[in-house]
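The block underneath contains the structure these notes are about, expressed in structure tokens.
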Amino acid sequence: MSGHLRPIKLDSYKPLRELVCENIRQAIIDGTFSPGERLMEIQLADEMGVSRTPVREAIRKLELEGFVVMIPRRGTYVADISIKDINEVYEIRTSLDVLAAGLAAERINDDELETLQRLLVEIGQRIEENNMDKIVEVDIAFHDVLYQASRNERLRNIINNLREQITVIRGRSMMYPGRLADTMEEHRALVDSIAARDVERAQNAARIHLENAEHTLLKDMVESHNEKKNKE
């Protein structure tokens, strides 16, 4: 294992397991740990200056998020996300989100619209705080309301089945320089079109949002690969 994690500072208000999880997650996102690389609990704990318990808890959470894969009797490995995986996930998610946005523009009620607008404001606040965990959390809630407003339970179930794969790549795309500001504007355009009950404009806003997210993620992956190759 070739990664080098930052030691954990214990002066944060967050629980230790959350700090450890954030540290490992960021190391995976920025390429410190390569896809397919094995993660050893004791080495991770030593690098961060913590016991193995919060590391073990963090790895379980990261497995649920899709960042790592735990193989019985073999260990824990960084999940290998290929460009093909990303293309497939975004092809499906773009189609589903475009459908959901169009249906929401037809079927959303006043309470749901108000919730979308409130979450949009909260996303802006979290961006100002630079709290990536909260940004992702509120972004998920935002899209959940959108899917709920579609009034199509099967559509929601299909999207939920993709949730883990979407979560893995959502954070990485958002962390690219300038992407959060663009995401905010794309969300605003989506809410405005839904509020106007404009089905075609809502579908187009959803499509642009997902296409831009995918483009940003692929660009980040190429840049990270080139940077790592240059260091070697």
Side-chain angles (χ1 to χ4, degrees), residues 2-3 21-37 39 62-69 77-102 123-124 126-127 130-144 146-147 158-190 193 202-232:
S2 58
C21 187
E22 289 175 8
N23 205 8
I24 300 174
R25 184 193 295 116
Q26 184 57 46
I28 294 172
I29 289 172
D30 64 24
T32 299
F33 295 130
S34 303
E37 184 171 350
L39 300 180
L62 291 170
E63 182 187 26
L64 292 175
E65 294 176 355
F67 282 96
V68 303
V69 177
Y77 297 83
V78 177
D80 188 358
I81 305 171
S82 68
I83 290 177
K84 182 175 182 292
D85 293 329
I86 291 170
N87 285 334
E88 289 180 352
V89 169
Y90 271 102
E91 279 181 350
I92 297 169
R93 189 186 166 198
T94 298
S95 297
L96 295 175
D97 274 42
V98 167
L99 175 59
I123 290 173
R126 299 305 185 184
I127 290 174
N130 197 31
N131 188 331
M132 184 54 65
D133 281 348
K134 285 296 182 180
I135 292 170
V136 172
E137 180 181 314
V138 180
D139 182 72
I140 291 172
F142 177 92
H143 285 278
D144 280 346
L146 176 67
Y147 303 145
I158 294 170
I159 291 173
N160 283 335
N161 288 336
L162 279 175
R163 183 177 297 276
E164 287 184 9
Q165 297 173 63
I166 292 171
T167 299
V168 173
I169 57 184
R170 173 189 270 123
R172 181 165 182 173
S173 173
M174 284 184 172
M175 292 184 69
Y176 192 85
R179 180 59 196 153
L180 285 176
D182 291 342
T183 296
M184 187 69 185
E185 291 307 311
E186 291 160 12
H187 280 176
R188 184 175 286 111
L190 181 57
S193 58
Q203 291 175 330
N204 189 52
R207 182 178 293 105
I208 289 173
H209 175 54
L210 271 297
E211 288 177 351
N212 287 346
E214 180 181 12
H215 175 76
T216 301
L217 178 59
L218 294 175
K219 185 177 179 180
D220 179 67
M221 288 181 68
V222 170
E223 290 178 1
S224 296
H225 174 75
N226 290 339
E227 183 179 346
K228 189 168 185 179
K229 191 174 181 180
N230 290 335
K231 287 181 180 179
E232 294 173 351

Holding to salt bridge (charged side-chain N to carboxylate O under 4.0 Å, His left out), I want the full list of residues that pass it with E211, two or more places apart in sequence or in another chain. none

Taking the side chain as everything from C-beta on, heavy atoms only, tell me whether I24 gets closer than 4.5 Å to F67. no

Say whether, by atom type as modelled, one donor and one acceptor occur between the side chain of T94 and the main chain of E91 under 3.5 angstrom. no

Which residues pass the side chain to side chain contact (heavy atoms under 4.5 Å, CB included) test with I127, not counting sequence neighbours? I123, I135, L180, M184

Could you check whether any side-chain heavy atom of H209 comes within less than 4.5 Å of a side-chain heavy atom of L190, counting everything from C-beta outward? no

By salt bridge (charged side-chain N to carboxylate O under 4.0 Å, His left out) - contacts of E185 (at least two apart): R188

Is there a donor-acceptor contact under 3.5 Å from the side chain of E37 to the main chain of S34? yes

Go through the structure and list residues passing salt bridge (charged side-chain N to carboxylate O under 4.0 Å, His left out) with R207, not counting sequence neighbours. none

Considering residues at least two apart in sequence or located in another chain, which fulfil the salt bridge (charged side-chain N to carboxylate O under 4.0 Å, His left out) criterion with R179? E186

Over 60° means perpendicular and under 30° means parallel, so tell me whether H187 and F142 are parallel, tilted or perpendicular. parallel

The criterion is side chain to side chain contact (heavy atoms under 4.5 Å, CB included); which residues satisfy it with I158, sequence neighbours excluded? L96

Shortest non-hydrogen separation from S173 to A213 and the atoms involved: OG-O, 3.2 Å

Please evaluate residues D139 and M174 with respect to the criterion side-chain contact (heavy atoms from CB on, under 4.5 Å), reporting the C-alpha separation (whole Å), side-chain torsions for both, the decisive distance (0.1 Å), and the verdict. CA-CA 10 Å; D139 182 72; M174 284 184 172; 3.2 Å; yes

What pair of heavy atoms forms the shortest contact from Q203 to G102, and how long is it? CG-CA, 3.7 Å

OH/Y147 to CG/N160 distance, rounded to the nearest 0.5 angstrom? 9.0 Å

Smallest separation among heavy atoms of A206 and A101, with atom names: CB-CB, 3.8 Å

